[in-house]
Every structure is written in structure tokens, then in C-alpha cells.
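The structure under discussion appears below in the form of C-alpha cells.
Residue numbering restarts at 1 for every chain, and letters A, B, ... go by the order of the sequence lines. All of these numbers come straight from a predicted model, not from anything done at the bench.
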Amino acid sequence: MELTLLWATFTGVGFAWAGIRLWSERLPDRPLDRIIVAAAIGLLAGRLWAMIGQGVSPLSNPADIIIVRGGVSTGAATVGALVAYLWGVKWRPAQLDAIAPAALAGLAGWHAGCLWRGACLGTASDLPWAWAQAGSDITRHPVELYAAIGLLMAGWAVSKLGWETLTRSGVALALAGLVRLATEPMRPSLGGGPIEIYVAAIAVGVLAVLLGRRLLANST
Amino acid sequence: MAALALALAACTSSPAVEVPSAHELPDTSVPEFEAHLAGVDRPAVVNIWASWCLPCRAEAPLLAYAHDKYASEIEFVGVSVQDNRTDALAFLDEFDLDFDHFFDRDRQIPQLYGGIGTPITFFFGPNGELVRTHNGVVDERTLALNIDEILNLP
């Protein structure tokens with residue numbers, strides 16, 4: 001069963017690789033390695049945060065950390081991945097801008113990996129492209145594919161932007177939050193999903209763009 | 001130094017005191033378990049678990065949360081397999097899994113419904129029909145989706 005998660009991960013890496021090939025301008029050296037390491041550290045941070053939130057101590061239950069299906073905090077994973085990447089490129093925000101389209105492509109691939117996991121479906125729908133789980137008559141939105149398409153379009157849009165510091169990365173973060181926010185009502189969830197994290201991502205993304213503009217204005 | 005002394009004091013073993021469990025874990029057999037499910041007039045989620053099972057620990061908080069949310073609509077039932085009762089009761093106390101649990105040392109219940117390994121989660125419709133079997137750790141998306149399935153069956 002856990003092998004399906006591995007296939008989804010490979011799909012994410014494959015999409016990130018394609019993104020790097022498509023949008024290679026100003027990238028740091030070994031960009032795919034940097035994306036994979038940042039994603040892995042983000043996953044670890046998200047898992048640890050989720051465990052603490054569930055009242056399970058990672059110190060007294062260290063082996064539980066590897067059971068990622070037990071839950072991963074989206075917010076902590078995002079912050080962990082961003083910090084890990086920035087640390088790897090010596091805190092140069094321009095490198096964040098360079099990697100942003102490929103990172104969105106990688107995220108799109110992770111969502112498209114739902115096809116391996118049998119985990120694409122969301123709320124019930126009668127739309128012509130909705131489909132049902134095996135053995136069920138209830139057709140549903142392929143919500144994770146909607147997210148994958150939205151994130152790919154976001155990657156393409158970000159690749160068309162200029163190179164003002166933090167513009168590409170800020171817009172990328174805001175669009176990633178927007179895509180997740182727009183698809184969340186269609187995603188099966190027990191608690192309604194981390195809406196506040198997506199709103200925060202949009203707000204931080206917009207603030208990053210404004211901050212970049214301010215820095216540019218001050219430097220000229 | 002004082003903090004270190006306190007920490008060390010906390011780590012030293014004290015005489016074992018048997019704390020009574022807040023949960024019950026009666027033995028069950030296939031006929032008894034089938035009779036229990038037959039008496040349920042709403043959808044049911046049956047989780048097969050064991051205290052020694054690491055993935056069961058990972059999914060336990062999610063099941064506790066789902067039970068809190070859907071207790072009025074769905075019957076949650078736990079079955080402890082290949083376990084010892086003391087450890088199983090400690091597991092229930094640790095994760096506060098406040099629904100009916102049964103003790104199935106010989107693993108008869110999962111053999112009856114056809115699951116593989118531990119944990120397993122079975123989703124039953126309101127008429128008692130087995131709708132879906134999930135082998136392995138159940139994540140939030142899978143649990144929410146299948147709860148939606150059994151709640152919306154005709």
C-alpha cells in the first residue's frame with residue numbers, strides 16, 4: 001500500500017524535472033537535488049508538527065515519524081521546505097524566484113500522483129468527467145487532478161513574470177494557496193481542511209511581492 | 001542542576017502501580033461479532049488494530065477524531081488482534097478511543113472479512129453490507145471519502 005505513495009513521489013519528482021527543463025533560466029546548480037531535499041525536509045517538519053498536534057510525542061515515539069499517512073501539517077511542511085531550500089542557496093531570494101515554476105510543477109506532479117494511489121476523488125458530482133470508486137455508484141470530482149492542472153497553469157504563468165526580487169516566488173506561493181483554497185471544498189476531509197494555511201499562503205505571497213517591489217525601489 | 005535532578009528523578013523507576021483501564025475489552029468470536037454488527041442499524045466503521053502495530057498508533061488519533069465527529073451517525077467498532085490484553089487496554093487509554101472494542105487473539109474477525117495485515121479498516125453500509133476494505137494505515141482523505149460513501153448509500 002505504501003508503495004503507491006512512493007510512485008506519487010516519483011511522479012512529483014518527474015514533473016519537477018520537466019519543470020526544470022522547461023524553465024531553466026537563472027536556476028542554481030543541481031536544482032532537482034535542491035527541490036528533493038527541500039521537499040523531504042518539509043515533509044519531516046510537517047509530520048513532526050502533525051504528531052505534536054495529535055498529542056503524540058515524536059521523542060517518545062520516534063518510529064511513528066515514518067508513518068506519513070498518519071498526517072502531515074501542510075503549513076509546517078511548506079515553511080520547512082522553504083527554509084530548507086533558502087538555507088541550501090545561502091538565503092538568496094533570487095534563487096527562490098528561479099525555482100518557483102519548477103516547484104509548482106513538482107507540486108502538480110504530487111497531486112497527479114493520486115492516480116497511482118487511487119486517491120483522486122472528492123465530493124459527489126454529476127459532471128460528465130466525474131467518476132466513481134470501484135464498486136460504488138457515487139460519481140465524484142477528480143479533485144486532485146483539478147489541483148494538478150491548476151498548479152501546472154500557475155507554474156506556466158509564473159514563468160512568464162519578470163525577475164524583480166520575490167515577485168515570482170511570491171506569486172507562486174499565492175497561486176499555490178489559491179489553487180488549494182479553490183479545490184478544498186471538493187476535497188474529502190474530516191475537519192474542513194487547513195483553510196487558514198491557504199489564506200496565509202496567499203497573504204504571505206502578496207506581501208513578498210510588495211516587499212520585493214519596496215526593496216527594488218530603495219535600491220534604485 | 002535542579003532541573004537535571006528533577007528530570008532524572010522523573011526517569012527513575014518507581015514501584016509499579018496497576019492503573020485500572022477506563023475501557024473494556026471483551027473477548028469475541030465470529031458469531032458474537034456478527035451478532036453485534038447485525039444489531040447496528042446504521043453504517044459502521046470497523047478498525048482492526050494491535051498495540052504492537054506502529055501504523056495503528058499513527059492512525060489512532062484520526063479514528064478518535066472521526067468518532068468524535070460522527071458518533072451520532074456511524075457506529076465505530078475496534079477489534080484488537082494478536083495482542084495481549086494489558087497492552088491493548090493501555091493503547092485504548094493512551095489514545096482515548098471511546099467506542100466499543102473487542103479482543104480477538106486468534107484474528108478470526110479479519111479472516112472473516114478478508115483483510116490483509118494490521119491495521120485494516122472495514123466500512124459497512126447501513127444494511128450491514130461490507131462496502132470497502134482498506135488495508136494499511138487509513139489517512140484522513142481515505143477515511144473521509146469512505147465515511148461519505150457509507151453515509152450516502154441508498
Are there more than 12 heavy atoms of other residues, nucleotides or ligands under 6.0 Å from atom CH2 of A:Trp110?
-> yes

Under the ring-ring contact (aromatic ring centres under 6.0 Å, His included) test, residues paired with B:Phe76 that sit two or more places apart = B:His67, B:Phe99

Around B:Glu24, counting heavy atoms of other residues, nucleotides and ligands shown, do more than 12 lie under 6.0 Å from its CD?
-> no

Smallest separation among heavy atoms of B:Val137 and A:Arg69, with atom names = O-CD, 3.5 Å

Can you check whether A:Leu121's main-chain N or O pairs, donor with acceptor, with B:Arg141's side chain at less than 3.5 Å?
-> yes

Is it the side chain or the backbone of B:Val138 that comes within 4.5 Å of chain A heavy atoms, both, or neither?
-> backbone

For atom CZ of A:Arg21, decide whether the heavy atoms of other residues, nucleotides or ligands shown that lie under 6.0 angstrom number more than 12.
-> no

Taking a cut-off of under 4.5 angstrom between non-hydrogen atoms, the residues of residues 188-197 of chain A near chain B are A:Pro188, A:Ser189, A:Leu190, A:Gly191

What residues of residues 142-152 of chain B sit under 4.5 Å from chain A when you count only heavy atoms?
-> B:Leu143, B:Ala144, B:Leu145, B:Asn146, B:Ile147, B:Asp148, B:Glu149, B:Asn152

Contacting moiety of A:Arg187, where chain B heavy atoms sit under 4.5 Å | neither

More than 12 heavy atoms from other groups under 6.0 Å of CZ on A:Phe10 | no

So which of A:Val56, A:Asp64, A:Asp137 has the largest heavy-atom pair count under 4.5 angstrom toward chain B?
-> A:Asp64

Which of residues 34-62 of chain B have a heavy atom under 4.5 Å from any heavy atom of chain A?
-> B:Leu54, B:Pro55, B:Arg57, B:Ala58, B:Pro61, B:Leu62

